[in-house]
Amino acid sequence: MTSHSRNTSSIAYLLLCLFITSATAHSFIRQFTDGDLNTNLQQEVGTEPIRNLDVGHYLQGNKEISSRDYKVSASNAVKGLRDRPPSSYSLKMESFNTLLKSTYTEKYASRPFSVGGYNWTLVVFPNGNKKDGGSGYLSLYVAIDNSTLVAAQQEIYADLRFYIFNKNERKYFTIQDTDVWKFSVFKTMWGFSQVLSIDTFKDPINGYLYDGDHCEFGVDVTIPSLYEKSELFSVTENFQNPRFTWTIRGFSTLLKDTYLSDVFTIGGRSWNIQVNPSGRATGEGKALSMYLNLNVNEIFRPYEKIYVRAKLRVLNQRNLNNVERPLDIWYNGPGYGAEYSWGYPEFISLSDLRDASKGFLVNDVLMVQVEMEAISSTKYFPS
């Protein structure tokens with residue numbers, strides 16, 4: 001009977017211990033899962049948390065996400081020095097060391113400023129954003145006021161450039177990303193957690209903290225718009241009939257300065273070969289001049305350009321060597337000075353042309369040719 005009573009007391013004691021342990025564990029788990037993940041450093045010394053202070057972090061599947069989870073790599077950051085001050089907002093401080101020494105100040109947020117119809121805030125973490133791997137660094141961010149977003153699903157893409165004034169250089173140290181940043185109600189803050197090390201920033205010899213305790217930060221927020229107009233440039237290099245040959249009869253009877261071939265079409269464009277029997281410009285009186293002309297009736301849009309690679313030839317009618325000269329040029333439309341004709345003022349000397357033994361002029365017939373190798377085309381949108 002005594003043994004049974006002792007056993008009963010032991011069992012009751014064990015059950016009581018299990019109940020106390022279970023209640024304690026349940027309380028601990030509840031405190032952990034229900035805790036505010038946005039609580040800042042003030043909680044560590046017993047003060048009340050400030051809700052929604054860290055707008056750059058949000059919950060996703062009960063996990064806090066920092067900006068690092070959405071950046072490709074730190075190599076995307078571009079740093080430099082710049083003369084011009086920030087265009088969107090400037091934040092000057094005269095007591096920065098006070099913030100550095102403060103146990104209670106995690107960050108400083110500027111008043112809102114407007115860019116592109118949205119309200120933004122420049123956020124400075126004097127001792128680094130520890131939630132974003134910025135411990136030991138100065139961290140800079142920009143936050144958007146999500147109340148200015150029209151709809152919950154709206155996304156705003158922005159280019160950000162951050163500034164820190166360097167008095168030694170009399171210039172601004174800048175840091176920016178090679179990509180745009182996507183803001184939404186789910187991600188309201190973007191920036192850099194490791195802009196400069198705290199040691200580098202606060203050492204007066206480096207010029208960022210000057211005149212005792214002064215410094216200046218800034219930011220450019222640019223909202224790029226999508227293009228509304230575009231063009232597609234392409235080059236065709238294979239043509240079904242790339243050559244045009246012009247047979248000129250009675251060459252010695254040609255008295256005018258300029259003669260044009262019939263219109264021919266290659267590569268979707270209309271062309272003429274132009275010859276000047278007695279030469280022009282530097283070839284006048286001593287050489288045949290020859291050109292490839294874009295036909296005057298060809299429609300040319302303002303600022304349109306056409307690239308052409310071709311060969312101009314005076315054909316040898318005795319199966320000897322032709323005289324051949326290359327073209328690698330651009331025909332420019334209105335707006336670029338309108339160039340419709342390209343060629344050579346001294347294509348072949350008149351003495352060689354008239355020498356019967358050379359084989360270029362036979363029975364007073366001259367044969368010239370163009371062979372097209374490449375012609376560009378450009379499509380414009382909207383057309």
Side-chain angles (χ1 to χ4, degrees), residues 231-317 321-354 360-361 364-380:
E231 60 187 75
L232 173 62
F233 175 84
S234 60
V235 177
T236 302
E237 295 186 291
N238 296 305
F239 306 101
Q240 187 175 0
N241 296 301
R243 298 183 187 89
F244 174 79
T245 303
W246 180 21
T247 301
I248 306 172
R249 303 183 186 279
F251 181 79
S252 62
T253 65
L254 302 180
L255 302 177
K256 293 191 298 183
D257 176 69
T258 302
Y259 291 85
L260 296 176
S261 72
D262 292 337
V263 178
F264 60 95
T265 301
I266 299 177
R269 296 286 187 175
S270 298
W271 310 89
N272 301 90
I273 296 177
Q274 173 185 321
V275 296
N276 300 87
S278 298
R280 65 178 300 182
T282 59
E284 186 175 359
K286 62 180 181 180
L288 173 79
S289 303
M290 185 158 67
Y291 303 86
L292 176 64
N293 294 356
L294 185 66
N295 187 259
V296 292
N297 295 320
E298 188 68 30
I299 298 175
F300 227 154
R301 296 180 180 89
Y303 297 99
E304 184 178 7
K305 303 184 291 289
I306 301 174
Y307 170 73
V308 172
R309 190 177 71 246
K311 287 183 172 66
L312 285 173
R313 300 185 182 107
V314 171
L315 298 181
N316 192 289
Q317 299 176 58
N321 292 331
N322 301 323
V323 174
E324 178 180 283
R325 295 186 184 276
L327 291 176
D328 193 325
I329 39 78
W330 290 86
Y331 291 81
N332 296 325
Y336 287 120
E339 295 286 352
Y340 287 82
S341 181
W342 285 98
Y344 294 87
E346 299 179 41
F347 198 90
I348 181 173
S349 68
L350 293 178
S351 58
D352 285 344
L353 185 66
R354 292 166 179 164
F360 297 111
L361 195 59
D364 209 20
V365 174
L366 177 70
M367 299 179 68
V368 296
Q369 183 182 83
V370 63
E371 181 176 355
M372 296 292 200
E373 296 179 340
I375 302 175
S376 74
S377 63
T378 307
K379 295 180 180 179
Y380 298 90

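Keep in mind the model is a prediction, meaning the values are calculated, not measured.
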Report yes if some heavy atom in the side chain of [X] is under 4.5 Å from a heavy atom in the side chain of [Y]; otherwise report no.
{"X": "Asn332", "Y": "Phe300", "value": "no"}
{"X": "Leu353", "Y": "Val323", "value": "no"}
{"X": "Tyr303", "Y": "Tyr380", "value": "no"}
{"X": "Val368", "Y": "Leu312", "value": "no"}
{"X": "Arg309", "Y": "Tyr307", "value": "yes"}
{"X": "Glu324", "Y": "Glu371", "value": "no"}
{"X": "Trp271", "Y": "Leu294", "value": "yes"}
{"X": "Met372", "Y": "Leu292", "value": "yes"}

Give me the atom names and distance for the closest heavy-atom approach of [X] to [Y].
{"X": "Pro277", "Y": "Asp257", "result": "CD-O, 3.5 Å"}
{"X": "Ile375", "Y": "Gly267", "result": "CD1-CA, 4.0 Å"}
{"X": "Trp330", "Y": "Trp342", "result": "O-NE1, 2.9 Å"}
{"X": "Met290", "Y": "Arg313", "result": "CE-O, 3.4 Å"}
{"X": "Val365", "Y": "Gln317", "result": "O-NE2, 2.7 Å"}

For atom CD1 of Ile299, is the number of surrounding heavy atoms from other residues, nucleotides or ligands below 6.0 Å larger than 12?
no
Can a donor-acceptor pair be found, under 3.5 Å and without considering hydrogens, that links the side chain of [X] to the backbone of [Y]?
{"X": "Ser289", "Y": "Arg280", "result": "yes"}
{"X": "Arg325", "Y": "Phe347", "result": "yes"}
{"X": "Gln274", "Y": "Gly343", "result": "no"}

Looking at [atom1] of [X] and [atom2] of [Y], how far apart are the two atoms once the value is rounded to the nearest 0.5 Å?
{"X": "Leu288", "Y": "Leu350", "atom1": "CG", "atom2": "CG", "result": "7.0 Å"}
{"X": "Glu304", "Y": "Glu298", "atom1": "CD", "atom2": "CD", "result": "8.5 Å"}
{"X": "Asn241", "Y": "Ile266", "atom1": "CG", "atom2": "CD1", "result": "7.5 Å"}
{"X": "Asp328", "Y": "Glu373", "atom1": "CG", "atom2": "CD", "result": "9.0 Å"}
{"X": "Leu327", "Y": "Lys311", "atom1": "CG", "atom2": "NZ", "result": "10.0 Å"}
{"X": "Phe360", "Y": "Ile348", "atom1": "CZ", "atom2": "CD1", "result": "4.5 Å"}

Examine the side chains of Asn322 and Asn316 and answer whether a donor and an acceptor come within less than 3.5 Å of each other.
no
Thr378 and Glu231 side chains, donor-acceptor separation under 3.5 Å
no
Which word best sums up how the rings of Phe244 and Phe264 line up, parallel for under 30°, tilted for 30 to 60°, or perpendicular for over 60°?
parallel
What pairs with Ser341 under side-chain hydrogen bond (donor to acceptor under 3.5 Å, both in side chains), at least two apart in sequence or on another chain?
Asn293
Only one of Ile248, Leu361, Leu315 passes side-chain contact (heavy atoms from CB on, under 4.5 Å) with Met367, and that residue is Leu315
With Tyr259, which residues qualify under ring pair (Phe, Tyr, Trp, His ring centres under 6.0 Å), at least two apart?
none
CA sep, side-chain torsions, deciding dist, call: Asn272, Tyr291, side chain to side chain donor-acceptor pair (under 3.5 Å)
CA-CA 8 Å; Asn272 301 90; Tyr291 303 86; over 6 Å; no
Side chain to side chain contact (heavy atoms under 4.5 Å, CB included) between Val308 and Ile329: does it pass, once the steps are laid out?
CA-CA 6 Å; Val308 172; Ile329 39 78; 3.8 Å; yes
